[in-house]
Amino acid sequence: MSESDYPIKSGVYIHHYISESNKDFATVSVLPNDNPLHRPDGYWIEGGMRRVKCYAVRFGNKGIATIEPQTINWGNIRQLGKLYLKAPHKLGEAFSCLFKPVRKCLTGLRWCGGDLWFTLRIETVRKIVEYLEKDDSVLKEAEVSSCLDEVVFPTLIDAFSPKDERADSILRYVNRLKGKSNSPAYIELNQTDIIDDLIKNKTMLFARKIQSLCMTYYIDSKILINRGRVIIRLYSSIYRAAGLYKLAV
């Protein structure tokens with residue numbers, strides 16, 4: 001979870017849902033894949049391979065140019081043009097990347113792409129941690145990559161979470177405004193209809209992004225109402241069962 005995720009189900013429901021499923025929840029796609037995020041706006045240029053074959057040249061706040069070593073191709077020309085226009089002082093670093101070694105995936109792993117959010121079983125987490133404690137080469141390799149979190153985590157999950165023990169879900173709604181920004185948008189108070197629909201959806205456990213305290217109060221109140229209805233139905237069932245028992249006796 002990140003700082004802007006907010007639960008839209010009770011703690012009891014979330015714990016029960018995850019424990020009963022006994023699965024890891026993550027989007028994992030072997031690269032190359034044009035849409036490893038499995039959503040309409042999840043397109044990756046060149047199937048995401050520039051993220052793993054290239055060296056990242058970072059500039060400004062979030063600017064990245066990707067340079068593939070040992071080759072001259074249209075992708076490199078396009079990235080060099082980007083630097084020429086936006087960060088000419090980085091051209092020297094970019095040209096030096098052309099002479100660096102070709103990047104390869106580590107033995108036993110295959111590059112994968114996926115979403116930034118996931119939910120893993122403790123046994124999967126232990127396997128990943130034990131692997132990284134013995135060999136953290138994949139992390140060092142990722143330091144020179146573009147968007148490393150969307151590649152490294154899915155790659156490790158793919159290696160240590162069998163496909164039949166994994167659900168293609170991130171358990172959360174991410175509020176995206178098409179064409180507005182690469183980052184998710186906040187769910188505002190005038191969008192309570194989104195929250196209402198999410199609470200009804202049994203497979204959605206969190207909403208992103210929530211910032212307003214008023215919105216958190218609204219969500220909490222809806223969760224409490226739903227929980228109260230469940231408790232009332234439970235007590236009603238117990239009451240009816242007790243009445244039938246007395247009649248039987």
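Just so you know, these numbers use all the heavy atoms, side chains as well, and skip hydrogens, waters and symmetry mates. Residues take their numbers from the sequence shown, with the count starting at 1.
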List the atom of [X], the atom of [Y], and the distance in Å for their closest heavy-atom pair.
X: Leu132; Y: Val138; answer: CD2-CG1, 3.7 Å
X: Ile223; Y: Ser10; answer: CG2-N, 3.7 Å
X: Pro154; Y: Gly114; answer: CG-N, 3.4 Å
X: Phe59; Y: Ala65; answer: CE2-N, 4.0 Å

To the closest 0.5 Å, what do you measure between [atom1] ([X]) and [atom2] ([Y])?
X: Ser29; Y: Leu37; atom1: OG; atom2: CG; result: 8.0 Å
X: Tyr218; Y: Ile210; atom1: OH; atom2: CD1; result: 11.5 Å
X: Ser21; Y: His16; atom1: OG; atom2: NE2; result: 10.0 Å
X: Leu156; Y: Leu120; atom1: CG; atom2: CG; result: 10.0 Å
X: Tyr173; Y: Leu198; atom1: OH; atom2: CG; result: 7.0 Å
X: Ile8; Y: Ile187; atom1: CD1; atom2: CD1; result: 8.0 Å

Please answer: with hydrophobic residues joined when any side-chain heavy atoms are less than 4.5 Å apart, are [X] and [Y] in the same cluster?
X: Ile64; Y: Leu80; result: no
X: Leu189; Y: Ile194; result: yes
X: Phe99; Y: Val57; result: yes
X: Trp111; Y: Leu109; result: yes
X: Met49; Y: Ile67; result: no

With a 4.5 Å heavy-atom cut-off, do [X] and [Y] have their side chains touching?
X: Ile170; Y: Leu116; result: no
X: Thr155; Y: Val52; result: no
X: Val174; Y: Trp117; result: yes
X: Leu31; Y: Trp44; result: yes
X: Thr66; Y: Ile45; result: no
X: Tyr186; Y: Met215; result: no
X: Pro36; Y: Glu150; result: no
X: Lys202; Y: Tyr13; result: yes

Between [X] and [Y] (side chain of the first, backbone of the second, donor and acceptor by atom type, cut-off under 3.5 Å), is there such a pair?
X: Arg103; Y: Cys54; value: yes
X: Asn73; Y: Gly75; value: yes
X: Lys163; Y: Asp158; value: no
X: Asp24; Y: Arg166; value: no
X: Asn76; Y: Thr71; value: yes
X: Lys9; Y: Met204; value: yes
X: Lys209; Y: Asn175; value: no
X: Gln191; Y: Glu188; value: yes

Decide side chain to side chain contact (heavy atoms under 4.5 Å, CB included) for Thr119 and Leu205; before the verdict, give the C-alpha distance in whole Å, the side-chain angles of both, and the deciding distance to 0.1 Å. CA-CA 11 Å; Thr119 301; Leu205 306 185; over 6 Å; no
Is Tyr43 atom OH crowded by more than 12 heavy atoms from other residues, nucleotides or ligands, each under 6.0 Å away?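 More than 12 within 6.0 Å, yes.
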CG (Asp164) with more than 12 external heavy atoms under 6.0 Å: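 Correct, the count exceeds 12.
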Residue pair Arg208, Asp5: steps toward the salt bridge (Lys or Arg N to Asp or Glu O under 4.0 Å) verdict: CA-CA 5 Å; Arg208 173 172 179 80; Asp5 290 359; 3.2 Å; yes
Do NZ/NE/NH1/NH2 and the carboxylate oxygens of Glu46 and Lys53 come within less than 4.0 Å?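 Salt bridge absent between Glu46 and Lys53.
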Do Arg39 and Thr27 have side-chain N/O donor and acceptor atoms under 3.5 Å apart?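 Result is no, nothing qualifies.
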Honestly, is Lys100 close enough over Tyr55, meaning NZ or CZ under 6.0 Å from the six-membered ring centre and within 45° of the axis?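 Checked: cation-pi criterion met.
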Excluding sequence neighbours, so at least two apart, what forms ring pair (Phe, Tyr, Trp, His ring centres under 6.0 Å) with Phe153?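 Here the qualifying residues are Phe118.
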